[in-house]
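Some notes on the structure that comes next.
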Amino acid sequence: MQSTSTAQLRARQRRLVTHLQALNPQVLRGSLITRYTRCGKPRCACIQGQGHGPKYYLSVSNAGKRPEMVYVPHASVPQVRQELAQLQEFRAILAELCAIRHELLKRRESR
Ligand SMILES: [Zn+2]
């Protein structure tokens, strides 16, 4: 980044912000987990097999607390996957914006 001109860095900042604005505001943090459950009925086939399912849950960790689990209906699984992936895109853009600003600050470019 040291070899990039200040004008180029400013242009890159503007492109990154435009990209941010184009992202879907539906964004999620957490991980999608799959569960198979046993119903407990003595003659159900699930006793032998892997259980009923799959059932999907979004697991969201919170500092110092148990992860929060939210049931995700099958029909919503693709959308939830997309919204989880989009968080990585938000994070990558923010990381690059911070890196550019860091570089500009080192060059004593105050604006
Ligand atoms: Zn069962």
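Start at 1 and go down the list; that is how both ligands and their atoms are numbered. Being a predicted model, the structure only gives us computed values, none of them experimental. Numbers here are sequence positions counted from 1.
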**Message:** A side-chain contact here means heavy atoms from C-beta on lying under 4.5 Å apart; do E103 and K106 qualify?
**Reply:** yes
**Distance in Å, F90 CZ paired with L23 CG, rounded so as to fall on 0.5 Å steps** = 4.5 Å
**Asked** Applying salt bridge (charged side-chain N to carboxylate O under 4.0 Å, His left out), which residue pairs with at least one partner in residues 51-71 are found, sequence neighbours left out?
**Response** none
**Prompt:** Hey, does L9 have a side-chain heavy atom less than 4.5 Å from the side chain of Q13?
**Reply:** no
**Message:** Closer than 2.8 Å to the Zn ion (ligand 1), what protein N/O/S atoms do you find?
**Reply:** C39 SG, C44 SG, C46 SG, H52 NE2
**Request:** Measure the spacing between NE2 of H52 and NZ of K41 and express it to the nearest 0.5 Å.
**Result:** 7.0 Å
**Prompt:** Quick one: does E96's side chain get under 4.5 Å of R91's, heavy atoms only?
**Reply:** no
